[in-house]
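First the structure, in the form of structure tokens, and then the observations on it.
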Amino acid sequence: MTAPMTTPQTSAMAPAVTAQPFEPLILGFTCNWCSYRAADLAGTSRIKYPDNVRLIRLMCSGRMEPEFILEGFAKGADAVIMTGCWPEDCHYRIQSVKALRRFLFLRRMLSDLGIEPARLQRFYASAAEGKRFADEMTRIVAEVKALGPIPPEIRVTLAAEPAAPAPVAEPVEVEA
Amino acid sequence: MTAPKTGVYICHCGTNISAMVDVEAVRDWALDELGDKGVVVSRDYPFMCSSLGQELIEKDIKEYGLERVVVGACSPHMHEKTFREASSNAGLNPYLAELVSIREQVSWVHTDKAKATEKAKAIIAGGVYRVAEHEPLEPLIAPVNNATLIVGGGIAGLTAALEIAKAGYPVHIVEREPSIGGHMAQYDKTFPTLDCAACILTPKMVDAGAHKNITLHTWSEVVDVSGSVGDFKIKVKHKPRYVVEADCTGCGICWEKCPVQVIDTGFESGLGYRKAIYTPFPQAVPKYPVLTPDDCTYFAKGTCRACEKFCPVDCIDFTQTDEFVEFNVGSILLATGFQPFDARRIESYGYGRLPNVFTSMEFERMSNAAGPTGGKIVLRDGVTEPKAVAIVHCVGSRDKNTNEYCSAVCCMQSLKFAHLVREHTKADVYECYIDMRTPGKGYDEFYNRVLEEGTQFIRGRVAEITDSLRYPEEEGHEGRLIVQVEDTLAGVKRRIPVDMVMLSTGIEPQADATEVARMFGVGCSSKGFIIERHAKLDPVATMTDGVFAAGTALGPRDIPSSVSNGAAAAATILSRIAQGEIAMEPYRASVDTERCSGCRICNDLCPFSAITFDEMAMVTNINPKLCQGCGVCVAACPANAISGSGFSHHQIMAQIDGLLSYPGGSDGRPVEEAVGATA
Amino acid sequence: MTIQVAAPAEAEAKPRYKLAMYWASACGGCDVAVLNLGMKLIEFTERWEPVFWPAAMDGKRADVRAMDDGEIDVCLFDGGIRTDEDAEMAHLLRAKSKVLVAFGSCASEGCIPGLANQRSIEHVLAAAYDPELNDVTDGQVPNGPWESPYGELHLPTLQVRLQTLAQVVDIDYSVPGCPPETERIAEVLGAVTAALDGTGPLPPKGAVLGAGTSTVCDECKRERGVKSIKEFKRIQTLAEVDPDLCLLEQGLPCCGPAARDGCGAKCPAAGAPCIGCYGATQGVNDFGARLLSAYASVVDASEPEEIERILAGLPDTVGQFYRFSLAASLLHGGRS
Amino acid sequence: MTRISIDPVTRLEGHGKIEILLDEAGDVEHTYFQIPELRGFESFCVGRPVEDMPALTNRICGVCPEAHHMAAAKAADAVYGVTVPRAGRMLRELLYNAFYVTDHATHFYVLSGPDLIMGPDAPKAERNILGVIKKVGAEVGGKVIDARKAGHRVIEIIGGRRIHPCTGVPGGMTKAISEEERDEIKALADGMIEFGSFSLELFDSMLADEAIEEIVKGDLYTHRTYYSGLVDAADKVTFYDGQIKVVAPDGEVFGQYDPKDYRDWISEKVEPWTFLKFPYLKGVGWKGLVDGKDSGIYTVAPLGRLNVASGMATPRAQEAYEKYFATLSPDGTPVHSRGATHWARLIELMQAAETVQQLVNDPEITSRDVRAIPTEVPTEGVGTVEAPRGTLTHHYWTDENGVITRVNLIVGTTNNYGPIAMSVDKAARSLISKGTIVTEGLLDRIEMGFRAYDPCFGCATHTMPGQMPMLVTIRDKDGNPLKELRRD
């Protein structure tokens, strides 16, 4: 009587596999002068935050090319965060505002492409605001978890290879 | 193109990293999984930054012929230079080495070792992908102008000025008040030694005023800073004194004759009077007086001119206006000081409402022999000596409603005040404190001394200061002040009747601190204290090359540390001057004029005026001398004609790919989708 | 235009190369552009033998199948990959051709039909066969094989997304444009002939032929000053369009700053903003991102509300920034 | 059951495909003509600003982008309820008529020419444009290429580009033309008229040839369908704007309506076996692919236009029109022979050439006043023109911001989908009976049938006008291939 037992076993195991909680992958951009140092300060202050975010350092948040963000989404990020100096103490005086303009434009275009605004986040952090940096990371990760993954019909990654179409039967050639 | 030979080095940082990241796993993973990206050697080491760790890298560069180096350790702001130097020692261009942070960004902020290790792998991958796109760069060299601008003539600035001037280099001090000296000049005694502030300060003021290498710009403000590292162009506004400095002898007849009495809210903190034309205090440097038009009868009514009539050298000039002077400097020191916390902001303490509530600054002037009361400690009426005095600590400090930080000096100044009250009067003194903070040489000894002098110490934050009596036992105390405080040691609520309350006010940034920070391009906290390049290892440098800071502009501190700040800044500046030139990160934007379409999108984007348009050739040019490397124009160029060295498009795209290449999609879910799949 | 020309005798000396031109999901404009070569085309046939060109001459897939791999010297492939059959042909022609060229905007970037990628394939079918506008019998709409009363009828199946040629097979070159300007086509055919003869340089794999490396502004004759966008305008609201001044500076969203040059800036010259049919310029991964960044950078506002107000002047961001290149955008599979 | 697949350029390339299914007796049971392409303009035009539509919908067809550009611009005008200034409208018509000259010339000489001028029995090697040139003389070849060039040049001057013009916008055109450009067009116009009369004379001479006469008058492709097309206020043939007139097979007027009311008059039948839809007259109803007065199927393009109108709008064309009916239908009832389309096409070419000349000589043609600024709130609009291959309708719905919320498109060739399918069926039935199949003839007839209609599936699929190279596979009842025939 082994046969009947297999069924419950397999079905009992099934939920365990699907029960994995969604852990978003998030790409974060910092400027060299304020927000990256805020991240450093969060570290030196040992303030904990979720490990979903991976950071890239730019010299200035105004260096941000929208292509970087799209590349992030294309390569599997569930959300992207832009951070930088408070406009009033931007190391490059007024460049942090350029980042704001691109952010608003891009967020609108992304939502027109089906990517929720909440997946493109943005905040300021001065070099003294390690706590703020960690708090924002925690907040954003929670928000993105609530959103869930980006549906595959919205994002195609470069890895995506088209399914080679099933070759259709070739008519046998006969002499005319 | 085949991937460049790359070495990967994972630092344990003692256990700072290895406790939360499985460094061996990361090391092996890098060699196994990043081989196709060029990784030929991967090592871990307890302290990569140690000389032995660096030798490890240098050895590999030579043995394996490494073309790239990636170190996974602390923040680049900590050790980027270290590993770049190690690489160049071994003959590898320093900009082909990349330091990625798996400490500040991983081990110190995460709690799940397995996940932290995964993230560390991704960060290493990001570095490896990125560094493959790097190209050899040479640092940009800029000559350093040997002149120095010091903003603020307080004790920190003066100290630095004298050190630099003595070394033989020109210094400009810009002070917005009529005299240098800063807050210290207002103090009576200085803790813990109780020597008189004036006696130790004025000689320095005189030296500074007299020194041939020091140019004083008092009653002046910096209005513009331009140029770049090594050679800043400074524009200073000299506000009109209405006194011709060249002729003035500082004889003082003008302010004797001036009929207008003005409450001196500046130097005398509102306790005393000055004239419409005045010097803030007898030992002021420079000696020339200042006339304030708002107070002057002549400016109001067009008559009087007493000062002019009596001036023996005819140096009064009512026609003076703002004057602007410009000069270039190679270094800038911001010693802009602090402002005392405004006690009015805590209404329950009644300052401004209850006459006999005083602030520390008022008390300093009151107890000063040269002050408005001639050193007598009396109530507002100017005659009555207090029988009981309460001193309240942490006013505007360690308080969520005002400032969360500790102002560092209040405890000691309060102890000093307690001592002075006991010395000048027979009054009982109550010190209401939260914690007694007496770090520093001789400080705690002074605390004990004041204890022995019989001052009563009450541990507890004062809740309220009032003149309304609520309880029968308070009868007979009419007209006195009640200090309500919970004695947390005795565990009782106390209402203490006193005649005088002294609020030990804290230290706050100058009101215009953030504007000043912006003008000089340095970062400051949201409160306004300037941020050090590194709080511990580089405490007087800012994040802007060539701009330094000292004293309370950086945060609360006492006179000794302000002075050592000033000296430290002087030493740093002198070493730059001695080097004659400085090396800057070669991060610059450049235009490929073949690709430039002349669309002029970028033309208005540069705050440093590095971008110009060639009308003839219809192309845009970028001046590398002015470019600061922010990259805004690179990101804006729709023709892809502008590229940025050091942070190029390809480098960042590669790092993104690397960071996201592992473990693939979020929660490892396959990101592939059969696009070609038919609906 | 049926091209079956016997090579004139004097050309016998030089080799005659085999040329194929195929349209996948296309409008035919690329083929018309080639036909517009007129007499020049007939001259070209002295050096080029068109072995397969459905637009202009007889030819059968069976013939292509029968060819050896690499037998076709050059295949100009226009049209996007919309159906399983398009993909099948892409794979077949890749195998049979020495040099495969993504010809025109559809094959290079997906062109305007690529805008379909903004929505689901269900939306495409629902809109095309909207029962309110059409006579649909119990919800039956075409897509894929259908079982007729007399046996199965084969009908191609739409892919979930329109793809560029490079997303489906490895390509050697691409020629941008919707359609490529006839003069550029002549240059390309000349250059390729020279390269095959060995008298000219062979362009590096992946090169973009028949276009420049700058942008349309480089060719545009309009005067331009420093850019600062206070408001985006729609042409029907603009009483006067200055004939000499940069259109973007007049508030019209022109793609010129980001679109690859080579077309001669004909549209701006005709008073119509460039719509970017020559696609992204050299080294740009994502046309829309580039143009968006350029526009946003010069928006004359610093407050979020003000920036949003100006942005609202673009009612259709996807159509504005990706009109010809959505299928090649990073989010939709990238440029290769 | 035996199945015959006729795959123009084989099944897998989506260029249209014919399936003929025979019953047990070996007679034609059913014929399917499938169009295997869909790009989804109705879907992705939604959300676009209406002023973008002329440039977007160009890309429906690279063979007749001018037609889509005009229909879209007119629909956009209608969405805003704006009237194009006279000069702007004249520029559009000038561009459009020049396009007609080019397109009709291309079709007659390059596509159908080989069949007609060389005759259907000429050796295949000669049945191409070069053969034509050899026979009628090099200067004719020159004339043809010049005529196409001339048309393209006018399109470039007014439309900005030769293919996919860009100057049509809501309310008019983005640019006027200069005096110099006007003079250049004048010169080209004279050449066009010359070319028109030359072509009509050539056709007269060709009619002497019996084979040709058979093509034009014969009943092989005769279907007695309804006819539909635009007529102007004087009930004459017109291309850019007018009312749609429908006549019954017997010539009786079925109705005349404003194009914006098209939905009251026609509907499109969706079949699950082909991406293209079958338009039909609602008032008559869908009876399947059959002709006659009870079937809603109607015919458009030159044949349809000449059948509904009472004449041509220009003198020379009118002359030719009268000759056309005198020859083919003296009583003035509709001409049902599809072969006559070739002749009708040349008559239209002449009208287009004459119209170009009229317009370019109008003193107002160089006026700067080519665009009106809309004042109405945008809502909904229909734009209809006569494309060379049939009535073309664009219908847009927008929000109050002028952004498209819904689109309906009925492209020229689609209107003829039914008749073409019937011709295919008829050709099959005429040559297949009781299992005997005259295969070679089958190919000829189907090919010529297509050429008569000049189907432009560039608009719906991608078959170039006239191009129908074919492969026929005959399979036995089990679907095994018996024989494969190809047209080479």
Side-chain angles (χ1 to χ4, degrees), chain A residues 62-77 80 87-88 90 94-115 117 119 122 150-174, chain C residues 61-62 65-66 81 83-88 90-92 117-121 154 156-157 159-161 163 167-169 284-286 288-293 295-299 301-304 307-308 310-312 314 316-322 326-327 329-336:
Chain A
R63 173 68 183 89
M64 172 59 68
E65 292 178 27
E67 277 174 61
F68 298 159
I69 289 165
L70 294 175
E71 177 76 354
F73 281 116
K75 291 297 176 73
V80 179
E88 58 271 21
C90 173
I94 54 173
Q95 302 303 63
S96 156
V97 172
K98 272 72 165 190
L100 170 68
R101 297 174 187 164
R102 295 190 193 123
F103 164 80
L104 292 171
F105 270 57
L106 190 59
R107 189 177 60 177
R108 159 81 187 287
M109 189 175 79
L110 285 171
S111 67
D112 290 352
L113 285 167
I115 293 183
R119 295 189 189 272
R122 176 168 177 290
I150 293 180
E153 63 270 23
I154 299 297
R155 160 176 57 195
V156 183
T157 70
L158 292 177
E161 263 306 312
V168 182
E170 183 69 7
V172 180
E173 309 240 342
V174 191
Chain C
R61 178 171 168 284
R65 275 251 154 155
I81 309 303
T83 68
D84 53 354
E85 294 184 351
D86 296 332
E88 168 85 2
H91 286 288
L92 178 65
N117 291 5
Q118 188 182 354
R119 302 195 180 85
S120 69
I121 203 64
H154 179 274
T157 309
Q159 295 188 157
V160 296
R161 209 178 237 96
Q163 290 178 287
Q167 288 171 353
V168 178
V169 295
V284 171
N285 311 75
D286 190 290
R290 272 282 150 188
L291 186 62
L292 178 147
S293 189
Y295 280 8
S297 300
V298 296
V299 157
S302 303
E303 291 311 311
I307 297 169
E308 294 278 13
I310 295 174
L311 176 54
L314 296 176
D316 171 24
T317 55
V318 175
Q320 180 60 45
F321 295 123
Y322 284 124
L326 185 58
S329 68
L330 286 169
L331 274 177
H332 287 183
R335 312 196 75 74
S336 63

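Quantities reported herein were computed from a predicted structural model and do not represent experimental measurements. Residue numbering restarts at 1 for every chain, and letters A, B, ... go by the order of the sequence lines. Atom set for the values below is all heavy atoms of this structure, side chains included, hydrogens, waters and symmetry mates excluded.
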Please flag which part of C/Asp316 lies under 4.5 Å from any non-hydrogen atom of chain A: side chain, backbone, both or neither.
backbone
Answer yes if the side chains of C/Ser297 and A/Arg102 hold a donor-acceptor pair under 3.5 Å, and no otherwise.
yes
Given a strict heavy-atom distance threshold of 4.5 Å, which part of C/Leu326 is in contact with chain A: side chain, backbone, both, or neither?
side chain
Sub-3.5 Å donor-acceptor pair from the side chain of A/Glu67 to the main-chain atoms of C/Leu330, do we have one?
no
Toward chain A, the part of C/Ala66 with a non-hydrogen atom under 4.5 Å
neither
Applying a strict 4.5 Å limit to non-hydrogen atoms, the region of A/Ile94 in contact with chain C is neither
CA sep, side-chain torsions, deciding dist, call: A/Glu71, C/Asn285, side chain to side chain contact (heavy atoms under 4.5 Å, CB included):
CA-CA 9 Å; A/Glu71 177 76 354; C/Asn285 311 75; 5.8 Å; no
Whether the side chain of A/Arg101 engages the backbone of C/Val298 through a donor-acceptor N/O pair (distance < 3.5 Å, no angle test) should be reported.
no
What part of C/Ser302 gets closer than 4.5 Å to chain A, counting heavy atoms only: side chain, backbone, both or neither?
both
Do you know which two heavy atoms are closest between A/Phe73 and C/Leu331, and how far apart they sit?
CB-CD2, 3.6 Å
Tell me, do C/Pro304 and A/Leu100 make a side-chain contact under 4.5 Å, heavy atoms counted?
yes
Measuring from atom NE2 of C/His332 to atom CD1 of A/Ile154, what distance do you get when rounded to the nearest 0.5 angstrom?
7.0 Å
With respect to chain C, which residue among A/Asp112, A/Ile115, A/Val97, A/Leu113 yields the maximal number of heavy-atom pairs within a distance under 4.5 Å?
A/Asp112
Distance from A/Met109 atom CE to C/Leu311 atom CG, nearest 0.5 Å?
10.5 Å
For the interface with chain A, which of C/Val318, C/Leu292, C/Val284 has the highest count of heavy-atom pairs at distances below 4.5 Å?
C/Leu292
What's the spacing between C/Asp286 CG and A/Ile69 CD1 if we round to 0.5 Å?
11.5 Å
Nearest heavy-atom contact between A/Leu70 and C/Ala289 is CD1-CB, 3.6 Å
For C/Leu314 and A/Phe105 the tightest heavy-atom approach is CD1-CE2, 4.4 Å
